[in-house]
Amino acid sequence: MPDLLANLNPEQLAAVTLPNEPALILAGAGSGKTRVLITRIAWLIQHGYASPPTVLAVTFTNKAAREMMARLSALLPIDTRGMWIGTFHGLCNRMLRAHYRDAGLPQTFQILDTADQLSALKRLMKGLNIDDEKYPAKNLQYFVNNAKEQGLRPKDVDATDNFNRKFVELYDAYEQQCQREGVVDFPELLLRCYELLAHNPPLRAHYQARFRHILVDEFQDTNKLQYAWLKLLAGEHNAIFAVGDDDQSIYAFRGANVGNMRDFEQEFQVRHLIKLEQNYRSHGYILDAANQLIAHNARRLGKNLRTDAGHGEPVRVYEAATDTQEASWIVEEIRALINTGLSRGEIAVLYRSNAQSRAIEHTLVNVGIPYRVYGGLRFFERQEVKHALAYLRLIDNPNDDTAFARVVNFPVRGIGARSIEQLADAARLYNCSLAAAIPYVTGKAGSSLGAFANLIAKLRAQTQQMSLPETVEYVVRGSGLADFYQNEREGQDRLENLQELVNAASAFVSEEGYGLDTPARAIALRPGATAAPELTVVSDDPGSVVLDAASPADLAQNPDTMTPLAGFLSHASLEAGDNQAQAGQDAVQLMTVHSAKGLEFTAVFITGLEEGLFPHENSAMEADGLEEERRLMYVAITRAKERLYLSFAQSRMLHGQTRYNVRSRFFDELPQDTLKWLTPKAEAGARWGGRSDNAGWGRDWFGRPGREGRYDGHEAGAAAAPLPAFANEQRAVDTGFRVGQQVFHTKFGEGTITALEGGGADGKAQVRFKRHGEKWLALAVAKLQAVE
DNA sequence: AATAATAACGTTTTT
DNA sequence: CGTTATTATT
């Protein structure tokens with residue numbers, strides 16, 4: 001029997017071994033939060049306090065859920081399948097699939113992602129002739145999601161003015177549309193599930209009796225609805241083990257309510273509040289910086305991180321003249337770090353907003369350092385993948401108008417905008433789906449639409465007995481998507497992605513434990529299940545639970561009534577897949593501070609620390625805005641293990657305009673003895689303000705900064721490299737390249753200069769590249785970068 | 001119906 | 001400035 005409790009510190013030990021009562025674990029950054037959560041589950045099971053089916057653990061991201069699952073099974077040889085471990089949305093989806101009838105949904109209901117939802121709203125508004133100028137669909141989307149997250153249906157929303165009354169009206173119409181189509185959006189998954197439990201006492205009792213152990217990760221990120229859902233599941237007797245950190249609450253803008261922590265403490269009369277303050281990640285100075293910064297926030301639950309590691313290196317601060325120069329400095333430091341043997345993947349560059357990545361990427365490309373930018377298009381969000389999924393959705397649920405509208409004319413089959421408008425009119429008239437309205441459209445448009453309907457029907461019939469991967473492959477071909485991208489000039493990547501979709505279907509089938517030959521649209525029993533599980537509560541007799549082909553035990557073990565196809569479509573909506581561009585390679589990590597939450601790196605650069613940018617100017621308008629920015633900075637600082645670099649630029653190109661910024665106020669909130677200014681620290685009074693009447697100083701600065709006291713290269717390699725810090729600017733002055741010099745080119749990579757011609761603006765260089773042979777390049781055009 | 005021109009927009013993001 | 005959505009043009 002493994003000793004789970006070995007190497008836990010006293011606080012962690014106390015948390016892991018708490019009695020089954022409501023508990024709040026205030027887990028600081030790098031304090032072993034996930035470990036505590038996992039060990040708690042393992043410990044409960046090892047000691048017989050819990051069996052797997054009584055455990056429900058909920059996270060915000062699929063990644064966190066997967067990690068929990070993986071680490072748990074590594075810790076204990078237990079069957080994690082009986083446990084419910086997943087995201088809020090994933091678990092709600094699971095419950096709604098198991099009780100679709102009680103939830104008032106069709107068995108094949110589809111999930112709209114954010115983009116689908118927006119297009120559904122646009123379609124709705126177009127049909128109602130709503131002026132998009134006056135009532136933007138985007139705003140309605142926000143309105144609807146916000147209402148749902150407050151648990152409000154249209155009838156519950158208090159509309160004070162005509163504008164809001166219109167939104168409520170549209171919210172109502174949208175709900176009807178979704179219901180008719182058999183689709184649910186993200187917040188609807190949660191609200192439906194909440195209502196399912198709230199309005200169905202026997203069902204609620206069933207799950208309350210089952211989930212005796214509820215564990216919540218990142219509790220500070222829960223919204224009102226998620227909190228209400230948890231409360232409902234916990235009932236009177238179940239304990240919630242909530243783990244979170246109010247200082248890392250950075251998602252208020254998407255509805256997260258830190259107040260849930262205080263509410264939880266009071267409403268559940270929490271007697272066990274444990275603070276995990278021992279940090280296992282960062283060196284001392286870094287923690288000092290984090291602690292002192294966050295101390296400037298009011299209304300904290302209160303926490304101070306400590307470490308056994310020494311002070312470590314001081315926090316380095318760099319003031320650049322421009323954003324370009326800031327990028328050059330960062331890249332030079334990165335090179336120095338790599339030279340000391342640090343791997344690229346251990347270095348992260350963080351920024352407040354995505355737009356800032358451009359300058360840094362550009363410089364990294366010039367120097368030839370591999371990097372990876374987080375964020376961007378994810379696999380299931382690619383247009384070709386969404387098209388293929390739309391066909392699959394139509395096969396499962398012909399009423400899904402969002403899917404229908406997406407592919408009715410893709411690949412093009414002569415169904416233009418006016419045909420679709422005709423069809424939409426008919427659908428509205430007969431209050432039916434677009435697909436069902438096809439017979440009502442006459443003429444040429446009608447026959448084209450009829451052909452499309454036949455195509456879908458054919459795909460549906462022919463894939464009837466096929467497995468999921470076969471179905472996906474058949475649909476990719478049968479829909480004409482494969483041919484379309486085959487003939488498209490730039491279609492090869494898209495074609496590969498469609499093949500990848502087939503692979504994803506295979507992977508899904510085996511990971512979920514379906515037999516490889518299981519028909520994609522048959523309810524399949526997983527290994528160990530004895531019957532198709534469905535628990536149905538007869539609504540006109542709320543006191544009785546009628547079992548539909550399953551015993552409660554079966555349901556407890558195996559609540560899935562999803563067909564492989566429905567499961568796969570859910571998976572595609574709920575887990576959009578990786579968004580990493582060049583995964584696998586050892587690369588410097590570029591990301592927003594938000595994306596960095598939960599990660600750690602040996603060396604971290606926090607960039608663009610300027611008033612207006614970080615803290616962001618928009619935060620000044622929001623209640624609690626500055627405090628949230630400060631928490632964001634806190635998250636950024638605590639990502640660093642050994643080296644932390646802070647930088648800012650006096651001028652920065654933003655939205656096509658040069659802006660002059662003042663250094664961030666956060667510098668004044670950090671303990672000065674932990675900071676090492678690589679550039680002289682300007683006193684607050686002597687610094688230029690960010691006002692436009694300071695335009696003159698920019699010119700002065702663009703000449704040459706005074707050299708005295710100026711940071712002239714990283715300390716580590718100061719002897720070796722004379723002036724890497726300002727390589728870009730100085731090259732502009734003397735244009736000096738020499739034959740034999742090593743250079744980098746954005747496109748061609750590394751090379752050696754073999755000849756030089758002319759000078760000044762029309763200078764040319766012949767460069768022999770390692771991969772691309774010899775080329776003549778105009779120095780004014782080619783951005784050659786000198787290499788040491 | 002595909003392509004070109006123009007306008008609009010610009011904080012953070014998972015499900 | 002650079003991207004994306006919409007509109008105009010052929």
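Residue numbers start from 1 in every chain, and the chains themselves are labelled A, B, ... in the order their sequence lines are given, proteins ahead of strands.
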Checklist entry - Among A/Glu611, A/Glu617, A/Glu610, which one satisfies salt bridge (charged side-chain N to carboxylate O under 4.0 Å, His left out) with A/Arg659? => result A/Glu617

Next on the checklist: I want to check one thing: is the phosphate of C/dT3, taken as OP1 and OP2, less than 4.0 Å away from some side-chain N or O of A/Arg358?
Outcome noted: yes

Next on the checklist: Between A/Asp624 and A/Arg631 (salt bridge meaning N to carboxylate O under 4.0 Å), is one present in this structure?
Outcome noted: yes

Sort me out a list of protein N/O and nucleotides 6-9 of chain B N/O pairs below 3.5 Å, or just none if empty.
none

Checklist entry - Got a salt bridge between A/Asp221 and A/Lys597, using NZ or NE/NH1/NH2 to carboxylate O under 4.0 Å? => result yes

Checklist entry - Is the shortest distance from a Lys or Arg side-chain nitrogen in A/Glu67 or A/Arg71 to a carboxylate oxygen in the other one below 4.0 Å? => result yes

Checklist entry - A/Asn409 or A/Thr61: which one's nearest nucleotide on DNA chain B is closer to the 5' end? => result A/Asn409

Item to check | Interface with DNA chain B, restricted to residues 605-629 of chain A and to heavy atoms under 4.0 Å | outcome: A/His616, A/Asn618, A/Glu622

Next on the checklist: Parallel, tilted or perpendicular, judged at 30° and 60°: which one describes the rings of A/Phe264 and A/Phe219?
Outcome noted: tilted

Item to check | Atom-to-atom span, CG of A/Asn146 to C1' of B/dT15 - whole angstrom | outcome: 16 Å

Checklist outcome for this item: From CZ of A/Arg413 across to P of B/dA1 the rounded distance in Å is 12 Å

Checklist entry - How would you label the contact of A/Asn354 with the nucleic acid (heavy atoms, under 4.0 Å): base, sugar-phosphate, or nothing? => result sugar-phosphate

Checklist entry - Starting at CG of A/Leu118 and ending at P of C/dA5, how long is that distance when rounded to a whole Å? => result 10 Å

Checklist entry - Base, sugar-phosphate, or nothing: which does A/Phe186 touch, judged by heavy atoms less than 4.0 Å apart? => result base

Item to check | Mutual orientation of the aromatic rings belonging to A/Tyr207 and A/Trp84 [parallel < 30°, tilted 30-60°, perpendicular > 60°] | outcome: tilted

Next on the checklist: Before we go on, tell me: are the rings of A/Tyr351 and A/Phe605 under 6.0 Å apart, centre to centre?
Outcome noted: no

Checklist entry - Hey, is A/Tyr251 stacking on B/dT13? Ring centres under 5.5 Å, planes under 30°. => result no

Next on the checklist: Quick check: any donor-acceptor pair below 3.5 Å linking the side-chain of A/Thr114 to the base of B/dT15?
Outcome noted: yes

Checklist entry - Where the side chain of A/Ser353 is concerned, which of B/dT11, C/dC1, C/dT3 is the nearest nucleotide? => result B/dT11

Item to check | Position toward the 5' end of DNA chain B (nearest nucleotide), A/Val412 or A/Leu632 | outcome: A/Val412

Checklist entry - What is the distance, rounded to the nearest whole Å, between atom CZ of A/Arg352 and atom P of B/dT11? => result 10 Å

Next on the checklist: For A/Asn497 and A/Glu384, which I'm curious about, is there any donor-acceptor pair between the side chains at under 3.5 Å?
Outcome noted: yes

Next on the checklist: Just the rounded figure in Å: distance from C1' of B/dT13 to CZ of A/Arg254.
Outcome noted: 5 Å

Next on the checklist: As a quick check of understanding, evaluate side-chain contact (heavy atoms from CB on, under 4.5 Å) for A/Tyr194 and A/Leu232, giving each step before the final call.
Outcome noted: CA-CA 8 Å; A/Tyr194 172 82; A/Leu232 205 54; 3.6 Å; yes

Checklist entry - In whole angstrom, what separates A/His655's NE2 from B/dG10's P? => result 8 Å

Item to check | Salt-bridge criterion met for A/Lys33 and A/Asp245 (N-O under 4.0 Å) | outcome: no

Next on the checklist: Can you measure A/Gln356 atom CD to B/dG10 atom P for me and round it to whole angstrom units?
Outcome noted: 17 Å

Checklist entry - Just checking A/Asn62: base, sugar-phosphate only, or nothing, at a heavy-atom cut-off of under 4.0 Å? => result sugar-phosphate

Checklist entry - If you measure from the C1' atom in C/dA5 to the same atom in B/dT12, how many Å do you get, rounded? => result 22 Å

Item to check | Value in whole Å for how far the P atom of B/dA1 lies from CD1 of A/Ile420 | outcome: 10 Å

